[in-house]
Amino acid sequence: MAIQQGVEFDGIVVSRRDYKERDMLVKILTDKYGFKTFFIRGARKRGFKLGAAILPFTHGTYLGSINDDGLCFLTTDREIAQYREISQDITLNAYASYILGLVERALNEQQLVVEGWFLKVQKALELIDEGFEPAIITNIIEIQLLQYFGVKPHLESCTVCQRTDLAFDYSESYGGLLCQAHWHLDPNRLGLDQRTIYYLRLFSVLDLYKLNSIKVKEQTKMALRQTIDEIYNSQVGIYVPAKKFLDQMSTWDQVLKKDDQS
């Protein structure tokens with residue numbers, strides 16, 4: 001069991017929970033070591049000096065000791081800030097929690113740290129905090145994470161003939177797109193409209209750092225949600241607690257819209 005002391009790292013506080021009478025266990029996504037749990041002694045005391053640094057959805061630079069296998073320890077913080085809108089809005093909070101939970105499951109599946117994913121998560125939360133559509137940012141993360149669960153849909157061209165000039169549909173049996181000339185090969189293909197296909201393909205390669213704006217019609221957002229859920233449910237099969245709340249929230253929205261129309 002190796003412990004690295006006096007280490008500086010960037011981190012995003014994911015969650016925390018009380019431990020014993022005065023202490024806390026704080027989970028942080030770090031840029032160099034992935035998800036780590038930190039034992040914070042005295043965190044529940046009034047006036048605790050690291051109180052602001054360990055609030056959920058706080059991000060910045062930290063100093064501490066990293067344990068390869070067990071609990072880690074924080075010494076101090078530098079230049080911290082909070083995703084303020086996310087921390088104050090229950091809906092944004094749920095999307096951010098789902099993204100973090102999904103990334104944690106993906107990295108655990110691989111048993112490695114993909115450093116680029118810290119930056120990707122950091123940018124995703126920043127965009128959500130700045131007012132970008134959280135459902136769309138979440139879709140982008142979900143699609144780009146699929147490969148870490150052993151599922152990498154072929155979205156560049158038709159999986160059979162590699163053509164790109166015909167209408168597409170998504171086939172789970174063939175692991176990606178089928179062009180119109182080969183739709184007959186899978187009678188159970190998803191029957192997606194071309195706009196939904198367009199966004200699936202776009203989101204699979206989109207660089208969040210180059211995203212200036214994006215607007216997707218409500219109907220297409222619903223189709224994307226249903227499609228991604230189908231892929232995750234049938235081919236990935238993982239459970240992230242925050243997803244249940246998002247699904248319930250979607251149901252509430254539909255009920256409210258029906259009430260407004262009646």
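Residues: numbered from 1 along the sequence shown. Note that the structure is a prediction, hence the values are computed from the model and not measured.
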Give a yes or no on whether the backbone of [Y] and the side-chain of [X] come within a donor-acceptor separation of less than 3.5 Å.
X	Y	value
Q82	P56	yes
K36	N67	yes
R44	K20	yes
R17	M24	no
R105	Y239	yes
Q5	G64	no
E133	A135	yes
T58	I54	no
Q122	F118	no
T159	L177	yes

| task | List the steps, then state whether side-chain contact (heavy atoms from CB on, under 4.5 Å) holds for I40 with L25. | result | CA-CA 6 Å; I40 313 295; L25 297 178; over 6 Å; no
Item to check | Chi angles and distances behind the side-chain contact (heavy atoms from CB on, under 4.5 Å) call for I228, I143 | outcome: CA-CA 7 Å; I228 295 170; I143 292 170; 3.9 Å; yes
Inspect the surroundings of [atom1] in [X] and state if more than 12 heavy atoms from other residues, nucleotides or ligands are less than 6.0 Å away.
X	atom1	answer
E130	CD	yes
E156	CD	yes
Y198	OH	no
E79	CD	no

Note: [X]-[Y] ion pair, threshold 4.0 Å (strictly below):
X	Y	result
R189	E172	no
D165	R163	yes
K32	D10	no

Between [X] and [Y], how do the two ring planes meet: parallel, tilted or perpendicular, split at 30° and 60°?
X	Y	answer
Y33	F9	perpendicular
Y232	F149	perpendicular
Y19	F39	perpendicular

What are the two closest heavy atoms between [X] and [Y], and how far apart are they?
X	Y	answer
I128	I99	CD1-CD1, 3.8 Å
A124	L208	CB-CD1, 4.0 Å
L185	Y174	CB-OH, 3.5 Å
A53	I80	CA-CD1, 3.5 Å
L178	S171	CD1-CB, 3.7 Å
L145	A106	CD2-CB, 3.7 Å

Inset, instruction - Take Q4 and S65, measure what side chain to side chain donor-acceptor pair (under 3.5 Å) needs, and give me the verdict at the end. - result: CA-CA 5 Å; Q4 302 178 56; S65 300; over 6 Å; no
For a 4.5 angstrom cut-off between non-hydrogen side-chain atoms, does [X] reach [Y]?
X	Y	result
D77	L63	no
K123	K120	no
L146	K152	no
I140	Y199	no
I214	L211	yes
L125	D129	no
I238	V240	yes

Decide yes or no on side-chain contact (heavy atoms from CB on, under 4.5 Å) for Y62 and T76, but give the supporting numbers first. CA-CA 6 Å; Y62 297 84; T76 188; over 6 Å; no
Check: Only one of T196, D186, L155 clears side chain to side chain contact (heavy atoms under 4.5 Å, CB included) with Y170; which?
Finding: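 The option that passes is L155.
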Tell me, with the steps shown, if Y98 and E142 meet side chain to side chain donor-acceptor pair (under 3.5 Å).
CA-CA 10 Å; Y98 174 57; E142 287 174 307; 2.7 Å; yes
| message | I'd like to know whether Y95 forms a side-chain contact (heavy atoms from CB on, under 4.5 Å) with M249, so could you lay out the CA-CA distance, the side-chain angles of the two residues, the decisive distance to 0.1 Å, and finally the verdict. | response | CA-CA 11 Å; Y95 277 107; M249 189 173 63; 3.9 Å; yes
Query - All side-chain contact (heavy atoms from CB on, under 4.5 Å) counterparts of Q226, not counting sequence neighbours - result: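 Expected list: none.
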Between T61 and E8, does any side-chain donor sit less than 3.5 Å from a side-chain acceptor?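 No pair is found: no donor N or O on one side chain lies under 3.5 Å from an acceptor on the other.
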| task | Measure the spacing between CG of L246 and OG1 of T91 and express it to the nearest 0.5 Å. | result |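 Nearest 0.5 Å value for the CG-OG1 distance: 8.5 Å.
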